[in-house]
Amino acid sequence: MTDIRKKLVLVGNGMAGVRAIEHLLKLSPEAYEITIFGSEPHPNYNRIMLSSVLAGGSSMEEIIINDLEWYHSHGIRLYMGHTITSIDTAKRKVYSDKGIVMPYDELILATGSNPFMLPLPGAEKEGVIAFRDIKDCQIMQETSQSYRKAVVIGGGLLGLEAARGLLHLGMEVSVVHIHPYIMERQLDEPASVMLRKELEEQGMKFLLNKQSEAILGKKRVKGLLFADGEIADADLIVMAVGIKPNVELAQKSGVQTNRGIVVNDYMETNIPGIYAVGECAEHRGIAYGLVAPLYEQGAVLAKRLAGVPTDGYPGSVTSTKLKVSGVDVFSAGQFTERTGTRALRYQDEIEGIYKKLVIQDDQLVGAVLFGDTGDGAQLFSMIKNGENIKGKEKELLLGVSSDALASPKGNRLEGMADDEIICGCNGVSKGTIAEAIQSGGCTSVGQIKACTKASASCGGCKPLVEGLLQLYAGDNVVTVKEGICGCTTLGRDEIVAEIKRMELKTVKEVMNVLEWNTEEGCAKCRPSLNYYLGMLWPEEYIDEKESRITNERYHANIQKDGTYSVVPRIYGGVTSPAELMKIAEVAAKFEVPLVKFTGGQRLDLLGVKKEDLPKMWEELDMPSGHAYGKTLRTVKTCVGSTFCRFGTQDAMGMGIRLEKAFERLNTPGKVKLAVSGCPRNCAEATIKDFGVVAIDGGWELHIGGNGGVHVRATDLLGVVKTDDEVIEWASAFLQYYREQAGWNERTAQWVERVGLDSIKEVLEVRENRLALQERIHTALSVTTDPWKQIVNEPELRKNFEQLSEMKTV
Amino acid sequence: MTKMLVGKVTDIDIKGSRIVRVGDHEIALFRLSDGEVLAVENKCPHKGGALSEGMVCGSKVHCPLHDWRIDLHTGVVQEPDHGHVVTYEVEVDQSNGSIYLTERSL
Ligand SMILES: Cc1cc2nc3c(=O)[nH]c(=O)nc-3n(C[C@H](O)[C@H](O)[C@H](O)COP(=O)(O)OP(=O)(O)OC[C@H]3O[C@@H](n4cnc5c(N)ncnc54)[C@H](O)[C@@H]3O)c2cc1C
Ligand code: SF4
Ligand code: FES
């Protein structure tokens with residue numbers, strides 16, 4: 001059988017190219033037959049983290065983004081260790097150095113860049129390397145075991161990270177730099193000098209103003225000779241003096257190149273069917289050397305290949321950060337002085353803080369911060385906006401208004417005007433934050449983040465937010481910096497924000513990109529990430545059953561003896577003789593040891609052997625009651641107006657309608673509902689997550705109740721008139737909870753944490769309710785009955801049986 | 001010492017497990033994300049939880065009952081808890097994916 005799918009070939013198995021493929025597989029998994037060629041003998045890995053591998057933070061295995069199984073399971077043909085040497089653009093074929101000829105319909109070039117190697121005499125000697133890939137990293141590690149002296153040529157970001165790593169490996173490290181000061185592309189001289197001192201304290205040596213002339217040694221490097229005649233001993237030389245886009249293949253195949261491979265906003269080159277992404281591409285004159293822009297490019301390319309409409313890639317605004325522990329550096333814009341610019345500086349060598357602002361025509365055009373980078377985000381946004389800052393210059397530098405400067409004990413934050421923007425990313429002013437603390441009752445940065453969005457994006461303004469918290473909440477401040485589990489220091493909000501910002505789509509990817517400190521997470525973070533991803537991308541995300549808690553993996557409650565319990569769904573607690581008989585028959589047939597009514601008006605068949613589960617479900621032929629998961633469990637009802645003499649509304653009908661509307665919904669914690677037919681409240685609706693109590697001519701809606709360890713009565717959310725409104729508010733409340741709460745956080749805890757008012761404020765706006773309702777519909781539309789699925793799919797069903805083959809050999 | 005053919009690698013999901021019963025021993029076989037297959041007795045040293053039902057993280061399994069963590073290579077319970085489970089020798093025939101289990105302990 002011949003494959004009629006279009007053939008897609010990717011050259012370059014690195015971060016940008018594979019990222020585009022991952023996106024494409026989600027948008028259109030079947031559209032292409034995919035082949036990937038990569039020169040490196042490894043599956044796709046996270047290059048950024050090589051610095052952290054060197055510095056001892058991660059192992060090589062941990063930085064693999066997609067293992068071989070991933071390629072296999074997506075039907076991708078992978079040629080590792082194959083370099084494509086030419087492209088026949090007329091016949092649409094690529095040729096590898098190992099003799100493979102591969103035809104293509106669409107071709108992606110993602111060849112990355114090459115480290116720039118100084119053409120010094122002796123540069124070919126053993127022990128002279130770059131810092132680019134796993135091989136370089138391995139050489140550094142091996143060398144450190146038998147040699148002592150390392151020299152890094154290049155005092156930029158990459159060079160300093162390499163040097164930090166080599167120090168960690170126990171080598172003596174000298175950084176050679178041609179300029180009089182390091183990181184001159186990001187810092188001005190005073191900041192650079194402060195950075196150098198900090199690094200010298202960590203053990204690095206610096207040889208500045210040095211022009212390298214030749215590499216000495218016989219077969220292996222022995223030293224580095226400088227133009228001034230001096231020699232530095234070296235057993236290893238790492239060159240980190242820059243990169244150049246790898247355009248050779250494109251160039252000789254007739255694809256238009258400049259510094260990089262020239263592409264338009266859709267990542268198309270001048271040749272039909274050939275695209276380029278990543279460091280090798282040049283878009284509107286810029287070849288980026290950072291990951292974030294490459295990911296954005298990859299998303300656009302995937303959409304184009306999948307035939308999904310897209311606005312195209314507009315270019316990126318970037319920022320860089322030095323990944324060296326204990327050093328905070330920030331710089332942006334045009335920070336060196338030229339004619340026409342004026343500068344303001346603040347230097348405190350005791351605290352190790354330096355700030356500089358560069359101003360032109362009353363506008364901020366550049367800034368450098370060292371030691372205290374808290375104002376970075378705010379300054380960056382002013383640079384981009386180009387607003388007039390006349391008269392405010394000193395205030396910006398010192399964070400204090402002129403008035404406050406005059407007053408003897410002026411707190412810089414106190415003196416700041418209320419409408420001053422603290423969080424540039426989300427445009428949150430000082431006044432908004434102060435109010436959240438003073439009247440909103442926020443007592444931690446996390447809460448401020450949750451209710452104002454300040455510091456929810458890049459986090460650069462966090463120090464300022466902390467300062468305001470200290471100022472206005474004083475002793476009430478709760479300091480919490482604990483990650484969601486031991487595998488990370490990131491909290492729930494930070495993780496969710498990062499998943500959204502970088503469009504992360506798998507648990508593994510989140511762990512990789514957010515630098516988890518464990519191999520594959522733990523039983524706490526894995527289910528949380530799985531939940532957040534499913535919540536954020538309901539239609540695209542493929543649920544990872546291996547990251548679900550036991551109950552949800554086997555769709556039954558695990559009991560203390562390893563047996564399970566089966567609870568069929570009984571909508572609103574209302575059943576029929578036929579349904580009861582069926583349950584009774586199945587219970588008898590499988591010799592269920594105990595049958596019990598649950599607290600939520602259903603029948604619990606306890607003590608079932610795991611291997612009997614699928615057979616029982618098959619015979620029951622009833623929907624799964626989800627009595628085991630973080631999901632809608634039951635909707636308890638009273639008899640209401642149907643039979644009760646007090647009842648004012650049809651409680652059973654409302655309960656059944658709610659249960660049918662929300663069954664199978666994934667939620668952060670388990671969710672229980674109840675509907676009572678009058679204020680006598682026989683269904684105990686005021687200790688449920690969402691309780692509905694009928695009144696004359698309408699319904700009261702209650703939220704955040706809990707009958708568990710800490711009994712909590714509900715808060716009244718509001719009163720509505722019609723049944724449809726009950727559904728509308730319930731949908732909005734449940735979806736808002738799904739989007740805002742942490743995994744494993746019940747509504748009761750959540751309502752207490754964020755406050756009833758903050759929830760009311762959102763839900764009272766009809767547009768918000770409708771938008772939330774629409775999102776919950778999307779989430780519900782992709783759910784399926786797990787019992788049915790397991791009964792019908794042998795691949796799932798097998799997990800309930802023991803291995804059958806057993807032959808002694 | 002007996003060596004048995006118990007199944008194929010593809011019978012076990014990645015990060016999943018299956019069990020076999022040998023005499024009155026229940027043995028859980030796990031398939032790690034790197035493809036390795038490991039086997040331990042299916043009984044948590046704490047209160048006998050079925051390890052086969054636990055979540056596999058790296059080369060450790062979290063017991064489904066009270067979250068003890070057990071290293072599948074060594075059978076050793078991870079800090080802060082203590083104890084160990086019996087491990088079994090597993091061989092995978094790379095050509096056809098057959099899994100062989102050797103019982104030393106009987
Ligand atoms: C040590 C280090 C630290 C970094 N730190 C950061 C950081 O903190 N933040 C950040 O944003 N960025 C950082 N970067 C930069 C980031 O890693 C790159 O921007 C990113 O990896 C580029 O992705 P790419 O897919 O374009 O190229 P690559 O990931 O380099 O992939 C290109 C691949 O194509 C292969 N290839 C090339 N030619 C051929 C051919 N003809 N046939 C087959 N295969 C070919 C190459 O072998 C390579 O594997 C760092 C880089 C390094 C080296
Ligand atoms: S809550 Fe009211 S309607 Fe429902 S059973 Fe009790 S008294 Fe009757
Ligand atoms: S039985 Fe395994 S942790 Fe308690």
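Below, chains carry the letters A, B, ... as their sequence lines are ordered, and counting in each starts from 1. Please read these numbers as outputs of a predicted model, since none were measured by experiment.
Nearest heavy-atom pair, A/Gly521 versus B/Cys57, reported as atom, atom and distance to 0.1 Å: O-CB, 3.2 Å. The two atoms that bring B/Gly54 and A/Arg553 nearest to each other are O-NH1, 3.2 Å, heavy atoms only.
Ranked by non-hydrogen atom pairs under 4.5 Å with chain A, the options B/Arg18, B/Lys15, B/Arg69, B/Glu26 are led by B/Arg18.
Residues satisfying the side chain to side chain contact (heavy atoms under 4.5 Å, CB included) test with A/Pro43, not counting sequence neighbours, are A/Ile64, A/Leu68, A/Tyr71, A/Met80.
Only the backbone of A/Gln559 has a heavy atom closer than 4.5 Å to any heavy atom of chain B. For chain B, the nearby part of A/Glu519 is the side chain; its heavy atoms alone come within less than 4.5 Å. Both the backbone and the side chain of B/Ser33 have a heavy atom closer than 4.5 Å to some heavy atom of chain A. Contacts of A/Ser547 with chain B are made by backbone atoms alone, with heavy-atom separations under 4.5 Å and no side-chain atom involved. Contacts between A/Asn799 and chain B at a heavy-atom distance below 4.5 Å involve backbone atoms as well as side-chain atoms.
Contacts from residues 92-100 of chain B to chain A, taken as heavy-atom pairs separated by less than 4.5 Å, involve B/Tyr100 in sequence order.
Around atom NE2 of A/His74, more than 12 heavy atoms belonging to other residues, nucleotides or ligands sit under 6.0 Å away. At most 12 heavy atoms of other shown residues, nucleotides or ligands fall within 6.0 angstrom of atom NZ in B/Lys43. Within a 6.0 Å sphere centred on CG of A/Leu594, other residues, nucleotides and ligands contribute more than 12 heavy atoms. Around atom CD of A/Glu793, more than 12 heavy atoms belonging to other residues, nucleotides or ligands sit under 6.0 Å away. The 12-atom threshold is exceeded at NZ of A/Lys798, counting heavy atoms of other residues, nucleotides or ligands nearer than 6.0 Å. Residue A/Lys26 places its NZ atom among more than 12 non-hydrogen atoms of other residues, nucleotides or ligands, all under 6.0 Å distant.
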Full working for salt bridge (Lys or Arg N to Asp or Glu O under 4.0 Å) between A/Lys545 and B/Asp13: CA-CA 10 Å; A/Lys545 73 172 163 44; B/Asp13 294 349; 2.6 Å; yes
B/Lys60/A/Glu520 under side-chain contact (heavy atoms from CB on, under 4.5 Å): CA gap, chis, key distance, verdict: CA-CA 9 Å; B/Lys60 303 185 176 74; A/Glu520 279 178 0; over 6 Å; no
Worked verdict on A/Lys610 versus B/Glu53 for salt bridge (Lys or Arg N to Asp or Glu O under 4.0 Å): CA-CA 10 Å; A/Lys610 183 168 138 196; B/Glu53 325 287 86; 2.7 Å; yes
Derivation of the side-chain contact (heavy atoms from CB on, under 4.5 Å) call for B/Ile19 and A/Leu803: CA-CA 6 Å; B/Ile19 56 166; A/Leu803 284 169; over 6 Å; no
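Residues A/Glu69 and B/Ile14 meet the side-chain proximity criterion, which asks for heavy atoms closer than 4.5 Å. At a threshold of 4.5 Å between non-hydrogen side-chain atoms, the residues B/Asp34 and A/Asp67 do not count as touching. Counting heavy atoms from C-beta outward, A/Thr550 and B/Met55 have side chains that stay 4.5 Å or more apart. By the 4.5 Å heavy-atom criterion applied to side chains, A/Gln802 and B/Arg21 are counted as neighbours.
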